[in-house]
Amino acid sequence: MAEPVIQLQLNEGTENTPSWVQIGTAARWTGNAGINDPFPAPISGASWFDDATAPNDGEFWHDGTTDIKIEEAGRNTNQNVLRAQEQGTAASADPPEFTAYDDATDAGNRTAPTIWVLAGTTTSGNVSIMRGVETTGGAPGSDWQNQVHGSTPSEGNCLDGDADKVTCSSVIGVSGTKEFNVAAHCPDDPDSGNLYQTFVYALQYTYT
């Protein structure tokens with residue numbers, strides 16, 4: 001069979017009326033004034049950057065031709081935030097896995113992340129600050145909404161390469177989709193020399 005052709009897309013519409021656009025240049029967690037606004041100084045302990053609940057100090061933006069805020073992401077019950085769409089070529093042999101790596105080369109080789117955003121810090125409990133949950137079958141529950149920093153959420157997973165990832169509940173079919181919600185937090189002890197970090201989301205899958 002042919003290899004599946006899969007796009008990762010962000011919802012630039014609303015939860016109830018999604019408008020899916022392929023991720024272009026980047027998707028960024030940033031301050032509340034847009035793409036060029038740096039993260040505010042983290043509070044003691046940890047500061048969430050999910051724009052869902054207090055302290056509400058970060059936002060998710062799609063960096064494309066026009067910068068657009070992704071309103072749906074965070075520790076909330078939204079289902080339509082990020083999705084993987086198979087382009088009508090083939091199904092996967094096993095349920096795909098959603099995670100993140102330092103860069104595309106590491107994703108291809110499944111090399112363990114080293115940047116603090118994905119590898120974590122002392123304050124974050126040495127777990128990734130990026131989290132994801134599959135929402136294909138419905139909205140995430142209270143364990144996603146109530147997760148705290150410093151530990152892997154009991155619903156969904158941290159995104160840390162091949163070590164910690166979201167494994168979908170079933171294969172992705174021909175022209176099928178998988179939906180996810182994503183959230184981020186920033187601990188109060190980040191690598192101050194590297195506050196601006198890039199990484200890649202990855203959807204890992206096998207095919208026959």
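Note on Val182 and Val133: separate hydrophobic clusters, where clusters join Ile, Leu, Val, Met, Phe, Trp and Tyr whose side-chain heavy atoms are under 4.5 Å apart, directly or indirectly. Linking ILVMFWY side-chain heavy atoms closer than 4.5 Å, directly or via other members, places Val200 and Ile6 in two distinct hydrophobic clusters. Taking hydrophobic clusters as Ile, Leu, Val, Met, Phe, Trp and Tyr residues chained together by side-chain heavy-atom distances below 4.5 Å, Leu118 shares a cluster with Trp116. Taking hydrophobic clusters as Ile, Leu, Val, Met, Phe, Trp and Tyr residues chained together by side-chain heavy-atom distances below 4.5 Å, Val127 does not share a cluster with Tyr101.
Using modelled atom types, one side-chain atom of Asn80 and one backbone atom of Glu15 make a donor-acceptor pair closer than 3.5 Å. A donor-acceptor pair is defined here as one N or O able to donate and one able to accept, closer than 3.5 Å; no such pair exists between the side chain of Trp144 and the backbone of Gly132. Between the Asn181 side chain and the Arg75 main chain, no donor and acceptor come within less than 3.5 Å of each other.
When side chains are defined from C-beta on, Glu179 does not count as touching Asn11, because their heavy atoms never get closer than 4.5 Å. Looking only at side-chain heavy atoms (C-beta outward), Leu10 and Val21 stay at 4.5 Å or farther from each other.
Residues satisfying the salt bridge (charged side-chain N to carboxylate O under 4.0 Å, His left out) criterion with Asp94, sequence neighbours excluded, are absent altogether. Annotation: ring-ring contact (aromatic ring centres under 6.0 Å, His included) contacts of Phe98 (sequence neighbours excluded): Phe180, Tyr201. Residues passing the salt bridge (charged side-chain N to carboxylate O under 4.0 Å, His left out) test with Asp106, sequence neighbours excluded: none.
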Task: Derivation of the side-chain hydrogen bond (donor to acceptor under 3.5 Å, both in side chains) call for Gln87 and Thr89 - done: CA-CA 6 Å; Gln87 303 298 297; Thr89 304; over 6 Å; no
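Taking all atoms of both residues into account, the shortest heavy-atom contact from Tyr205 to Pro4 is OH-O, 3.3 Å. Considering every non-hydrogen atom in both Ile23 and His62, the closest pair reads CA-NE2, 3.5 Å. Taking all atoms of both residues into account, the shortest heavy-atom contact from Pro140 to Gln145 is O-NE2, 4.2 Å.
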